[in-house]
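Values in this document were obtained by computation on a predicted structure and should not be read as measured data. One-based numbering, in listed order, for ligands and for the atoms of each.
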Amino acid sequence: MMQKIVTIERFILENQPQHAVGDFTNLLYDIALAAKLIAHKTTRAGLVDILGRAGATNIQGEEQEKLDVYADQIMFRLCDHTGRLCVMASEEHKNIVEIPEEFPKGRYVLIYDPLDGSSNIDVNVSVGTIFAIFRCVDWEKRGRLEDCLQPGRKLVAAGYVLYGSSTMLVYSTGNGVHGFTLDPEIGEFLLSHENMTMREPPGYYSVNHSYFGRWSTGVQEYVRWLQGRNKSEIVLSERYIGSLVADFHRNLQKGGVFLYPAETRKPNGKLRLLYEAAPLAFLAEQAGGYASNGRMPILDIEPTSLHQRVPLFIGNRPLVEMAEELIAQHDPLPPDHPTNDQ
Ligand code: AFP
């Protein structure tokens with residue numbers, strides 16, 4: 001028997017609240033269209049002369065790939081003139097990305113990492129786009145930094161696009177996590193994974209082990225526990241791609257935990273709170289999981305700057321809570337240390 005075929009457009013429309021005026025629904029369409037355009041390029045990356053460095057460096061000091069630049073431009077150009085946004089922020093830009101004066105301003109804030117894991121492009125490993133949507137803090141004003149610096153608890157939607165063996169868009173508006181697979185023949189995202197939840201028992205843990213000697217005692221103890229040592233009875237396999245969206249997506253479906261902890265050379269870890277950790281934390285909680293910086297929920301952290309980094313533990317709730325427990329046990333904070341370990 002053939003399954004019911006539902007396009008992303010139909011799904012978004014059917015699931016919008018009755019009072020919705022269409023702005024939010026259309027913003028999700030815009031992102032889905034951006035995803036198709038970016039997928040069109042990434043799947044041809046080996047065919048056209050687009051691989052290689054663009055020459056510029058982003059504000060993290062990393063060299064940008066040409067596809068980063070393309071993905072960033074696509075997101076901006078599809079969303080700048082629609083009147084749905086008051087401001088944007090992109091991982092590729094140092095400051096907030098303002099809506100040009102000639103266009104009307106809207107009620108939403110779009111934060112995005114246009115192409116995460118871009119160092120993997122040259123070797124044909126999956127990459128992803130991550131997005132997060134807030135409401136403007138003050139609807140009267142044009143977008144400002146404070147519209148972007150909101151804690152993850154205030155997200156109205158978040159999601160990612162995974163450019164892998166197929167292209168998938170996974171998102172949540174706070175009503176479960178739903179996944180759509182792009183049918184390249186007809187150019188439509190079709191509902192393929194409704195109500196995704198973190199599988200129990202979990203199958204995997206994901207971490208870059210080469211940093212083991214630079215982690216705190218608590219984190220080292222935790223990784224030993226994940227490996228089935230330290231009296232734990234869990235049986236997990238290790239899988240680490242080094243492309244956050246791909247690692248998260250696998251663990252979302254198979255159950256598991258991904259961690260990028262603080263280490264001596266990166267005291268706040270590597271991943272960005274606004275562009276990576278908060279949107280994925282929103283999805284994790286919607287899928288029955290949890291995300292923490294090792295001491296508190298990622299979603300409760302109040303951002304203080306656009307590009308702030310944060311240690312990340314994300315996956316099945318019991319696995320993440322064990323990280324918090326072992327860190328609390330082995331890595332005591334000095335009394336005057338802010339609990340918010342950012
Ligand atoms: P790139 O965008 O430089 O490839 O970084 C990818 C990333 O931000 C994230 O997608 C990975 O989870 C993480 O970095 C991998 O970092 P390590 O190479 O230090 O393990």
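- In this structure, Lys270 fails the cation-pi test against Tyr211, since its NZ or CZ atom is not both closer than 6.0 Å to the six-membered ring centre and inside 45 degrees of the ring normal.
- Interface of Leu244 with ligand 1, defined as ligand atoms under 4.0 Å from a residue heavy atom, comprises 9 (C), 10 (O), 11 (C), 12 (O).
- With sequence neighbours excluded, no residue forms a ring pair (Phe, Tyr, Trp, His ring centres under 6.0 Å) with His330.
- Considering backbone and side-chain N/O atoms, Leu115 never comes within less than 3.5 Å of an N/O atom of ligand 1.
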Quiz item: Going through the checks in order, is the side-chain contact (heavy atoms from CB on, under 4.5 Å) test met by Asp72 and Phe76?
Solution: CA-CA 6 Å; Asp72 182 55; Phe76 174 73; 5.6 Å; no
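- With a 4.0 Å cut-off on non-hydrogen atoms, Leu271 touches ligand 1 through its side chain and not its backbone.
- The residue from Asp113, Asp116, Val125, Asn120 that puts a heavy atom closest to atom 9 (C) of ligand 1 is Asp116.
- Those atoms of ligand 1 with a heavy atom of Ser118 less than 4.0 angstrom away are 1 (P), 2 (O), 4 (O).
- Aromatic ring pairs are classed by plane angle as parallel below 30°, tilted from 30° to 60° and perpendicular above 60°; the pair His209 and Trp215 is tilted.
- The existence of a salt bridge linking Arg272 and Asp113 is excluded, since no basic side-chain nitrogen approaches an acidic carboxylate oxygen closer than 4.0 Å.
- Heavy-atom proximity to Glu276, at under 4.0 Å, picks out these atoms of ligand 1: 8 (O).
- Below 4.0 Å from some heavy atom of Asn208 lie the following atoms of ligand 1, by number and element: 17 (P), 19 (O), 20 (O).
- Remark: ligand 1 atoms within the under-4.0 Å shell around heavy atoms of Ser119 are 1 (P), 3 (O), 4 (O).
- The contact set between ligand 1 and Tyr240, taken as ligand atoms under 4.0 Å from a residue heavy atom, comprises 15 (C), 16 (O), 17 (P), 20 (O).
- Here Phe258 has side-chain heavy atoms under 4.0 Å from ligand 1, and that is the only part of it that gets that close.
- Of all heavy-atom pairs between Lys105 and Cys86, the closest is NZ-CB, 4.0 Å.
- Taking the charged nitrogens against the carboxylate oxygens, Arg153 and Glu285 do have a contact shorter than 4.0 Å, which makes a salt bridge.
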In residues 249-259, what donor-acceptor pairs under 3.5 Å come from side-chain atoms, sequence neighbours left out?
from, atom 1, to, atom 2, distance (Å)
His249, ND1, Tyr160, OH, 2.7
His249, NE2, Gln253, NE2, 2.9
Arg250, NH1, Asp247, OD1, 3.2
Arg250, NH2, Ser206, OG, 2.7
Arg250, NH2, Arg239, O, 3.2
Arg250, NH2, Asp247, OD1, 3.0
Asn251, ND2, Ser206, OG, 3.1
Asn251, ND2, Val257, O, 3.4
Gln253, OE1, His193, NE2, 3.4

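- Residue Ser243 approaches ligand 1 through these ligand atoms, each under 4.0 Å from one of its heavy atoms: 10 (O).
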